[in-house]
Amino acid sequence: MRLRGRCTEENCDMVPTQIDRDEEREDCSGADSSPTRHRMAGSAMAFTFAAFCYMLTLVLCAALIFFVIWQIIAFDELGTDFKNPIDQSNPTRARERILNIERICNLLRRLVVPEYSIHGLFCLMFMCAAEWVTLGLNIPLLFYHLWRFLHRPADGSVVMYDPVSVMNADILNYCQKESWCKLGFYLLSFFYYLYRSVQIHNLLNSQMLD
Amino acid sequence: MSSPGYTVNYSRNSTLNGGSAPSHQNGPAQTYQSMHPPAGCYGAPPQQQSYPTIPAQSTPPNKAPLMNSAHSANYYQSNHQQQQQHLSQQHVAPSSYSAPLNSAPPSQPYPPSAPPPSNAHYNQQSFQQQQQQQQQHPPYATPGSYYTQQAYHAPPAAAQPFQQQQHPSLVPAPPGAPGAPLYPIVSYPSAPGISQYGTLSSSQSTSSLGVMPTHMGAPLHQYNSPPPATTTAVQSGYSVAPLNQQGPTVNGQGSTVHQHYDQSHQASLSYDTYSGVVHSGADPRPSGTQPTSVHSSPGHHQGVQYGYVANSGASSASATTSGPAAAPSSSSSEDDDDEEEEEEEEDEEAGGDTSSSSTGSASPVPNSYDSLEGGSYPDSMPPSNDMTNQVAPYDHYGYQNMQPAYQQGPAPATDSAPSLDPYGQPEYQQYSQPFPNMTQLSAALGGLSGVPELELEALSPVNLMQETSLLPPRPLEAPEPNLSADLKKVNCNPHTFRSTLSSIPQTQALLNKARLPLGLLLHPFRDLQQLPVITSNTIVRCRSCRTYINPFVTFLDQRRWKCNLCYRVNDVPDEFMYNPVTRSYGEPHKRPEVQNATVEFIASSDYMLRPPQPAAYLFVLDVSHNAVESGYLKYFCESLLDNMDKLPGDTRTRVGFLSFDSTIHFYNLQEGLSMPQMLVVSDIDDIFIPSHDSLMVNMKESKELVKDLLTSLPGMFSQSKETHSALGPALQAAFKLMSPTGGRITVFQTQLPTLGAGALLSREDPNQRSSSKGVQHLGPATDFYKKFALDCSGQQIGVDLFLLSSQYADLASLACMSKYSAGSIFYYPSFHHIQNPPQLEKFQRDLERYLSRKIGFEAVMRIRCTKGLSIHTFHGNFFVRSTDLLSLANVNPDSAFAVQMSIDDSLADSSLACFQAALLYTSCKGKRRIRVHTLCLPVVSQLSEVYAGADVQAITCLLANMAIDRAITSSLSDARDALTNAVVDMVSAYKSNVSNLQQSGLVVPASMCLFPVYILALLKQKALRTGTCTRLDERVFAMCEFKTQPLQQLMRLVHPDLYRLDNMSDQGALHLNDSVVPQPPLLHLSSERLSRDGAFLMDCGNVFYFWIGKNCNEMFIRDVLGCPNYAAIPQNMSHIPELETPLSERVRAFLDWLQDNRAFCSTIHVLKDEASSKATFFQYLVEDSSDSDSSLSQFLEQIQQQMSK
């Protein structure tokens, strides 16, 4: 318990509970001499923040994946008009359709800022954790998001997905493709984060064992 | 007659005062300043702006040319190349064909069994119409129909055949009642589906339900037992057709058309075919009373032959018998009496309808059958008719006319060969002859060797650096697609529908190589002089892609046709087997749908779920101090009073007025009031409608009140000191008023809206007007107007904007209300009724055209194209509802659309690519109509052929649209770079791929030799120029015009036509009616072409500049302008006096001829060769260098430099 006390002394602010638990387990397993342990604990702290980052990003990444899946569904819904062509050309259905498009666009727009900010948070966290490789993998998407955000229409509407132009086939195709690509990226990165967090964990464990 | 084009050229709003500062200041500006000093001229306090403006961030300069590989550059520059194959047509449910029949939805407002609509309003209407009807044809009054025409047309014609028989002057034995029994009614079983149509609200069936039994009961009853059911069935099937009333009726409308259009008489149209009709009808034809007359005999034989082939025993028998009987009947119905009657009725129906078409299925029918038939006899046509695109004569034997269809492509041909034996024509084997030839040519050299002459000409390389005179003497026409003569004949008129590449490249790779944009330019609702109108119960469409049957489909045999867009094989419905033109059975390929690339269908009730809306017009008038000061109100009221009867509509037409300053004023015009009541709503934050049923009133019923209001309105506000403008709340009120019906809102606005929702701030910095850097604020400042437009679009309300502002009014934001609700925008900079008479005149003339022009409500337009091609971007004013469907709340004859396309799949397996635009709308008479245009183009595999078919004008227009999108989403300089790059890319692509000539200099194919000139002109156009002082509103307006103007008008806006008038010769002159219209050659827009001793006319689309040189011939000045000498010409002359001199007559004839080609009148400005007018005139001389822009030769050098980089 002396060890444990020292640990909390040093990092009481920044070590979250999860990592505490990790260390508790480590405590149980490792019965080293205190000086070694002390050195290891210092480096373990760096690892633990990274591990925390990966854990958190795992959760958030799952959220992003849901966002993107929702987007894909939304674009699909935008793309499919009324099945019956006579309904399509019917004036009374026009209103329904236009409202539908507006509604979907509004929802899409509402999701844009959360998505971008969550991804921005990733990058920030990885930067803090000095996970340069992971950061490097995320940087292109960050820049893409910035570019996309800065190129939104100037009319004060939140961001893209303008109901008046979204139905142009090129824009719709572009958006669809974009969300498929993002889905792929987020899925891959989800597994990457999972792998990394496990890796860090193992590394930590093995270091603890040393 | 060789006059080019007809009513395509519309000038809309002249932006007369170049970039000049406002010529006068209206009161409000000062008032505002005193009220809100910090806010500048437009005194809205900042907190009023409800939407934060996030300025567009400047972006990393994107140098990609507009035509990047996927031609999608205007929005996203990246990966469009691997676009998924996106065949939008296929999204349409394949099984939907049967849907119409079963789809009578429960929510249908009209209970199927109760024809009179439950809606009180409609009830009333129909009742009135019935009354009217009764007055005209008392015996035939039909309960329960509110479409009178159809109801009462049927009976008279039905009753008449007997008279016709006795009529001496006219020909053979009529079909009439005697003919009817010959038709085995039972054998055309349209009954199950049709009976449903019959009982549906709309049209013929119901109406005639009451009529038919009484008058034709006898024959019918002989054949069918349950009377009501039979009549409907009979109605809809073709069995009645020989009686001249029902069935698929084609209203070529020879007679009425001529009445309407005789004077304008601009011939060279493709739909001219039927204009000979009248004459032919009147022509005594060699047709005796014998059933087998000379002309009908071929039809007769065919009827026998094909009927047999079709293997339908009963029907073929009937066809044989009916063929001869029917054919003569058509000519016999050209009875004088008959015609007169028709004309009366026609006028009623077509009176407001400016198009040649008219509906009315019944009595016009015989006439139009005739007209069609008449049109088919070339010998009976007036020789003067210029029939460039004439439909193949109908009286040819066999399937010669079907060649076009058979040429569709290799695949159908081989497949169908065996079954085609009976019709096997030698030509049919050669279907793909021209194309294999081509493929053997090598890209570089061969491109020039085996190609037809036309192409050779188009391909001959032109060195731009050496050539000094590129312009043709006459305005450019669209290049003719390299099609067989038969296809060319029936192809869509290029003014209506044209492609940037008249030869479609086979693959996207080839298209990318050519570096030219692929797209379509459409002017779907333009006023046509001739339009076949078809009433038919079943509109034949492809089962899978829903394409309408068109001249380019392939008939595999009698009973099957192959869709030319998706290649699906479809059945020919029974109804379609009957040909109303020849009155014979078994000739589906001779139906008017298959003979005309532009047709109009009168849609059956399947195409509507609610009763068609009445025409409804709401005028929203700005009556603030600024508006009163500009004085537009008086002229608007006068104009509306004058044109009240010309407003398109029927007895249901509704009209309403609303005015606003800082409050909203409604006008109660309820019938029965002694004078109009004004209701003022001052709570603009939460707008409500004070009275629901009395604000939009029936125009006929409340006509006196409306007149009262219009006469008193200008005086009511003359003392107004209110300077604020609550446009947003007024629009919200207008929306609430209109949303139950839909219709058209016309907004007159004279200043920046300052109160309530949608208030705007001035964003223009006058010091930046001539900056050569980027121009800010081309996009809207708030999305209020966009949202409003979307709401309107959802309720089928179109919003048209008249902006009469002398100061900045943020058109970029205001225009959104029209852009997305399919409205039109008119802008009169510096409008003032006293200080700016030319603008006033223009306003009056535009208003006249605006009020009286045709209108279609609740429209949708769908563009379909051959499998493998897909549409990716639309340009114009509309709301894009799905990837190939445009929602148009209102459609007007003056707006055009552009479409960008890409090639998803190789088109190698077909030799033709087809495009079909179908516009479904409700006419002002409350009929659902479908106008279908079909364009057919060859598919080519060689780059040289792609260049040979390039349409430089269409390419310029499409590029202009793309550049404008780019300017708004990105930046102006970006758009300009993209345009320049487009030229560079095209020239270098041509140089590296096609031209093997190692010439130095800029070598382009002859078809594209004007491309650099046009692009340079585009760069100097108001919308895209930099460096020259241009007011933001004028720039934005020019951009709006680019998006909506039809091609010819657009080309004049971009590259005005310059003529020299003082030495016109009669060489090549047109002789129209009895006047001679000289045709002076076009001149390059360069001051080198001007001379001091000449007089020049520049046609800028919406304004004519008449420039008189200093040393101009005094005789010319005296004879044409009526002034003794140059010095005596007044400064602001805007009329050419009507003098009796030959010179003046010729000049005026030429000017009138130019005017006739456009919808909106252009004003004339006489300019003297003086410094003051120099800026106005010389800014259009695009080939000269100006302070900020390069001359043509500099521009070419610049391109050459960029190429060598």
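Because the structure is a prediction, the values reported are computed rather than measured. Numbered from 1 within each chain, the chains take letters A, B, ... in sequence-line order.
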Rounded to the nearest 0.5 Å, how far does [atom2] of [Y] lie from [atom1] of [X]?
X	Y	atom1	atom2	answer
B/S793	A/R97	OG	CZ	12.0 Å
B/R881	A/L78	CZ	CG	13.5 Å
B/I871	A/D170	CD1	CG	11.5 Å
B/S882	A/I101	OG	CD1	7.5 Å

Q) Quick one: what part of B/F879 sits under 4.5 Å from any heavy atom of chain A, side chain, backbone, both or neither? A) side chain

Q | Options A/I98, A/N100, A/L99, ranked by heavy-atom pairs under 4.5 Å with chain B, top entry | A |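 Of A/I98, A/N100, A/L99, A/I98 has the most heavy-atom pairs under 4.5 Å with chain B.
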
**Q.** Stepwise side-chain contact (heavy atoms from CB on, under 4.5 Å) check, A/I171 with B/H872
**A.** CA-CA 8 Å; A/I171 297 179; B/H872 67 75; over 6 Å; no

